[in-house]
Amino acid sequence: MSTKVIFAAWPYTHALMGIHNLIPMLSGDMLSRFHKLMNDDVVFISGCDEYGERMERKAHTENMSPRELADMNYTKVKDLLGSFNIDLSLLYRTTDGDHATFVQECLTSLLHSGHIEEKYIDSLFCPVCDQFVPDVFVLGFCTSCGRLDNLNDHYASLSCATNGPIEFRDTICAICKSSGASIPLVSEPSRRWMMKLDKSPVLDMMRWTEVARSEAIKALAKTSDWISISRSVKWGIPLPFDPSQTAFSWVDSLLAVLTVFGTKESLRSAGKDISAIYCIGRDNVPFYSILLPSLLSYLNAEFLMPSVIVANHDICFDGLPCSKSQSRTIDLESAILLLPSDYWRAYLISIFPLTANADFSPIDFDYFARGDLKELDDYIRNVHGLCVKFNPRGRNKVIHCSATQTSRISGLLRNFQTSIESYDFPSAMSLIFEAVQESNARSNVGLPDGNVELGELCNDLLREAFVLTFLISIFMPDTAKRIRATFNFANESRALNEVYKEDFVWRVQDGLYEELFPDGGLEKAMATIREMVVSIEFSNGVDYTSDKHPVRIRWDACNCETWYQACAIPGDTGNLA
């Protein structure tokens, strides 16, 4: 049996991750949890992309070294991903010493095999900064669509329909523009090490998401045959054959997928019989569909070619895509202070931007929390109450699955599996809420007469709750744990297609029901989120993460510690540090 190796997009850690960065992580996490329930061998990997110009400049503004910034943010990212229950097998980092050595060995091999050449190319030079300007800091007008944009962001823009390489006019430097200067950039020849892209590998895109296929095809048309793999940035991995230049950060971060297999003993056992699944954002598709396959092909590492690319569109605020650099997002550190992770996970999955951009709406978020999540809460409360009140002698009784219930549950699991395997995560989660609504309706229409009939109803509802905990665990892991604790279900591992076939022992205990999604603090938290979103939409890029921003002053009113105590899993410490 082949190993499913799932890679989630590596966040660039010059700033803390925003909720939009969580989308590829959630994709990978959901697929990893699902395949584990299917008894597949799974490895789930991500990492921190820590080199490059933005890291260098951010460290300078924070009065620290790039390495200190990388170390600090790696720890924060690791803790935040843990808080959101992203269950990684490995969170790697590009500043790992093994990785630098491996990248230099790979680049030396590519040079000797003739895939890398030294060339002079026209690059944009800023007379004010006295340096060549990286694409991420180039502002200008696209000659095709006329839009003013950042060159790096515009490359993968869906709004630009040009069929060739993108060209900008009237370009200026974003670095010195922030200081009031707006001197036009000039084109000058610069020495670069270039790699010829290998566009010959025929990738099977049938299992890719629609946006991954369309963006890959568009990138193949737009991308030139050569790509610069070097930069004049100090903070990077020095080229072994030219220490005056460092490796392009995209090259070293993509090569990290090979590093983890070549240097980490725990992953060597996977061998090369693997299926590589890449969960990424839409703007990453050109790199994973052209640059990564080129590197893998040249280095004889085809076993990591993308079998699947699960790419998502953008999470937006008022129609504009989230952006860390433009402070147009809610950072994860702020998010987890306001609401426990399952609120965010469930809502983001409900609006998962699989086929189109999705607007983050505080109103819809509030409605979802008080609607679907509250109905799930009511369902578990009803089942618990019925079991305790009407069948107290049923404890420690072996529960069987009736033929009617077997048919209903097996149909649910088939539809659920189909939705997950087509990466339609919102539909898969909706199946859970639909099952909850149906069970609530059955338990609310009037209770049957007689102890035998009541016992059978309790058994059916309890069996369904047991099955649903496995499905819920893919989307809301903490909630699944709390439901299992409510009914004293054993935290056992079972294959998803077997959970309704096997008998289990009823161990429901008396006691007060503890809400899964308590109301206390919800209104204030949602009010703060609404203020944050209004601030993002109308602040024109003002950094709301500053301690001086008026929105942050209100966060104390949410009483986060009390909130987490109310939502804590019995026997667990919750999300508090």
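A distance of 13.0 Å separates CG in L80 from NZ in K78, rounded to the nearest 0.5 Å. Of the inter-residue distances, the one linking I483 atom CD1 with D478 atom CG reads 11.0 Å to the nearest 0.5 angstrom. The distance from atom CG of L332 to atom OG of S334, rounded to the nearest 0.5 Å, is 9.0 Å. Rounding to the nearest 0.5 angstrom, the gap separating the CG atom in D377 from the CD atom in E514 is 11.0 Å. Atom CG of residue L88 and atom OG of residue S32 lie 8.5 Å apart, to the nearest 0.5 angstrom. Rounding to the nearest 0.5 Å places CG of N312 at 8.5 Å from CG of L354.
The main-chain N or O of S65 is found under 3.5 Å from a side-chain atom of E68 such that the two form a donor-acceptor pair. Between the side chain of E56 and the main chain of W235, a donor-acceptor pair closer than 3.5 Å is present. The backbone N or O of D424 lies less than 3.5 Å from no partner atom in the side chain of S419, so there is not a single donor-acceptor pair. In this structure, R33 contributes its side chain and P477 its backbone to no donor-acceptor pair below 3.5 Å. Under the 3.5 Å distance criterion, the side-chain polar atoms of D314 are left unmatched by any main-chain donor or acceptor of C316. A side-chain donor-acceptor contact under 3.5 Å links W344 to the backbone of A335. Under a 3.5 Å cut-off, the side chain of R328 and the backbone N or O of P321 do form a donor-acceptor pair. Using a distance-only test at 3.5 Å, with no hydrogens or angles considered, a donor-acceptor pair links the side chain of Y74 to the main chain of L91. Side chain of T209 to backbone of A311: a donor-acceptor contact under 3.5 angstrom is found.
Across W250 and S253, no two heavy atoms sit closer than the pair O-OG, 3.2 Å. Between A256 and Y92, the closest heavy-atom pair is CB-CD2, 4.4 Å. Contact detail for N284 and A9: the closest heavy-atom pair is OD1-CB, 3.8 Å. The two residues C48 and V77 come nearest to each other via the heavy atoms SG-CG1, 3.9 Å. Taking both residues in full, the closest heavy atoms of A435 and L412 are given as CB-CD2, 4.3 Å, listed atom of the first, atom of the second, then distance. When all heavy atoms of L69 and H14 are compared, the closest pair comes out as CD2-O, 4.5 Å.
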Chi angles and distances behind the side-chain contact (heavy atoms from CB on, under 4.5 Å) call for L339, M526: CA-CA 9 Å; L339 289 169; M526 287 297 179; 4.0 Å; yes
Chi angles and distances behind the side-chain contact (heavy atoms from CB on, under 4.5 Å) call for E464, Y379: CA-CA 11 Å; E464 290 172 12; Y379 162 67; 3.8 Å; yes
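Counted by atom type alone, N85 and D29 present zero donor-acceptor pairs between their side chains at under 3.5 Å. Side-chain polar atoms of T95 and R93 form a donor-acceptor pair below 3.5 angstrom.
The pair K36-D40 does not meet the salt-bridge criterion, since no charged nitrogen lies less than 4.0 angstrom from a carboxylate oxygen. Note on R482 versus E515: no salt bridge recorded, every NZ/NE/NH1/NH2 to OD/OE distance being 4.0 Å or above. One finds no salt bridge joining K76 and D79 here, because no Lys/Arg side-chain nitrogen approaches an Asp/Glu carboxylate oxygen to under 4.0 Å. A salt bridge links R370 with D366: at least one charged nitrogen is closer than 4.0 Å to a carboxylate oxygen.
R345 is listed as a side-chain neighbour of L26, based on a closest heavy-atom distance under 4.5 Å. For the pair H20 and I330, the minimum side-chain heavy-atom distance is 4.5 Å or more. A heavy-atom distance below 4.5 Å is not found between the side chains of F44 and L90. Using a 4.5 Å heavy-atom threshold, the side chains of P11 and S46 count as touching. With contacts defined as side-chain heavy-atom distances shorter than 4.5 Å, the pair F84/M25 does not qualify.
Within the 6.0 Å centre-distance limit, the rings of F360 and Y347 are counted as a close aromatic pair. Ring-centre distance between Y343 and F517: below the 6.0 Å cut-off.
Shown here is K374, whose NZ atom has more than 12 heavy atoms of other residues, nucleotides or ligands within 6.0 Å.
Ring-plane geometry between F425 and F352 is classed as perpendicular, the angle between the planes exceeding 60 degrees on a 0 to 90 degree scale with a lower cut at 30. Note on ring orientation: taking the six-membered ring where Trp is involved, the planes of Y278 and Y288 are tilted (angle from 30° to 60°).
The only option from I474, I472, D372 that meets the side chain to side chain contact (heavy atoms under 4.5 Å, CB included) definition with I432 turns out to be I472.
Relative to the six-membered ring of F470, R484 meets both conditions, a distance below 6.0 Å and an angle of at most 45° to the axis.
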